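In this text, all values refer to a predicted model and were calculated from it rather than measured experimentally.
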Amino acid sequence: MEGAWRNLRSFPGHAETADRLYLNLLQNRAAGATAEEQIEALAGFARNLPDSEAFADRLVAGFWDRATERAMRAERRDEAIIAALESLVVATPERRRVAAALLGQDYSQLIATLPARDADRLLFNARDILLTYVEGSQVSQWSLQNDRLVRREPWTISSLEITPLLRRVAVDRQGNVSRIGLSVNVGHARLADLRLKLIAPSGRTVELDFRAERSSANDETRFASAQLEPLLGETLAGTWSLSLQDEAPGVNGHLIGWNLNLNAQVLVENFDRGLDIPAPVERESDSVWFDRDGRYAVARAARSDSARLWDLASAQPARTIAVPADERVIGLGADGRYLVTAARDAVHLWRTVNGRRESVLPTAIAGDEVRISDDGRHLLIVRRGEPETELELWSVETGERVARLGIAGSPALLSIDGGGAAAGRR
């Protein structure tokens, strides 16, 4: 069809005739179009003609006029409303009247509409009246302000790649740890950004908390013996490691020195200028988990044991949490207080306010299914097997198992309601 038009138009003096014939042909074909793909193809042909953009739009609008009439005759009102809105590509008073009448009758409280668009995920935050489109890690949002939809500036969800500063000392003495002490000298203006771990030769690790808000090069932090108690009884011989990592950009820090006391043996490292604590690197994330309520997202880093919690309402990162890379995100606890992750042998609860691991649920889940209730207060763990499947209900708040149910065989349907009542059906 297009080839014949171009051939006729190439003859001298026949351009106007060829265009007129082509327009009539497209108009006749458009009148018989029954699918959206057909009318879009015909409109594409029409736009190849000189100064025919308006003609192509009229073909599309006419198609949707006819679709509106067919849907109204068949009482498919939702379909009629969509078709009427599509016809507004050429907005006439009559088309506006038809669309307004349909909307007023069926959606009297409708404030505004948005055109359809492709996205990997669509989220709606009912509390903040926030609509979020996500494509990869790119975010587009619409909010309701003074009964009008307002588009926000698009932004990108990023994660932090964190590299710890590691210091190691070798101990060649035999025996077990009966007394242990640790002090560090760190210069940092925001100690809450730092994570400090002491690692025994066996791999057992304790995470230590800084009590002060900031420290200078002359301040020494001595940790209470109660924080180091988990390492009592460890073998002395081997490599002891100190891991220090910065989990927030903007403030640089230095390790000036550290002092480890094992059964009265003192191991000391001091640095004249201090060692730089590597600053985290912000990168666009390709691994993002989204809360079903459309309020939060968790971005994981490919080369770092970290999870960055984003508040979608404010478009700001709320906290970076030192979650190991092999743990998967299960969900968020009630009111976003906990980030719930699953490791191979347990479920971990992380405080979102400070990024610390609050507790460990000894569920031994391995490859079992784990899901969280809508209110974030309970976990359902499904252990499928023969001759029965075992269901366990755990409380996120108390960290205890509150119910157990055995079902013969393997249920085909499982659910957990908003209040944490589990159900299974064959």
Verdict with supporting geometry, L332 and L339, side chain to side chain contact (heavy atoms under 4.5 Å, CB included): CA-CA 5 Å; L332 290 170; L339 174 65; 3.9 Å; yes
Step-by-step side chain to side chain donor-acceptor pair (under 3.5 Å) determination, E284 to S137: CA-CA 7 Å; E284 182 177 332; S137 58; 2.7 Å; yes
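A salt bridge is absent between R66 and E69; no separation between the charged side-chain nitrogens and carboxylate oxygens falls under 4.0 Å. Salt-bridge annotation for R70 and E79: absent, with no side-chain N of the basic residue lying under 4.0 Å from a carboxylate O of the acidic one. Salt-bridge check for R357 with E207: failed, with every basic side-chain N at 4.0 Å or more from each acidic carboxylate O. A salt bridge links R47 to D57: at least one charged side-chain nitrogen sits closer than 4.0 Å to a carboxylate oxygen.
Atom CZ of residue R308 and atom CD1 of residue I321 lie 12.0 Å apart, to the nearest 0.5 angstrom. Separation of atoms CG (L208) and NZ (K197) is listed at 10.5 Å; rounding is to 0.5 Å. Between the CG atom in L312 and the CG atom in L131 there is a gap of 11.5 Å [rounded to 0.5 Å].
A donor-acceptor pair under 3.5 Å links the side-chain atoms of D375 to the main chain of R377, judged by distance alone. Using modelled atom types, no side-chain atom of D209 and backbone atom of R211 make a donor-acceptor pair closer than 3.5 Å. Between the side chain of S373 and the backbone N or O of H378, at least one donor-acceptor pair lies under 3.5 Å. Between the Q38 side chain and the T34 main chain, a donor and an acceptor come within less than 3.5 Å of each other. R300 contributes a side-chain N or O that, together with a main-chain N or O of S306, makes up a donor-acceptor pair within less than 3.5 Å. Checked by atom type and distance alone, the side chain of N185 never pairs as donor or acceptor with a backbone atom of E220 at under 3.5 Å. Between the side chain of R351 and the backbone N or O of R356, no donor-acceptor pair lies under 3.5 Å. Between the side chain of T352 and the backbone N or O of G336, at least one donor-acceptor pair lies under 3.5 Å. Within the 3.5 Å criterion, the main-chain N or O of P278 finds no donor-acceptor partner in the side chain of D276. Checked by atom type and distance alone, the side chain of R195 never pairs as donor or acceptor with a backbone atom of E247 at under 3.5 Å.
Residue L166 comes nearest to R168 through the heavy atom pair CD1-NH2, 3.4 Å, listed as atom of the first residue, atom of the second, then distance. Between I256 and G187, the shortest heavy-atom contact is CG1-N, 4.3 Å.
Using modelled atom types, one finds no donor on one side chain facing an acceptor on the other under 3.5 Å when comparing S143 with Q141. Residues E282 and S158 bring a donor and an acceptor atom of their side chains to less than 3.5 Å of each other. No hydrogens or angles considered: nothing links the side chains of T68 and D65 as a donor-acceptor pair under 3.5 Å.
Side-chain atoms of V184 and L244, non-hydrogen and from C-beta on, never get closer than 4.5 Å to each other.
Residues satisfying the ring pair (Phe, Tyr, Trp, His ring centres under 6.0 Å) criterion with Y133, sequence neighbours excluded, are absent altogether.
Shown here is R148, whose CZ atom has no more than 12 heavy atoms of other residues, nucleotides or ligands within 6.0 Å.
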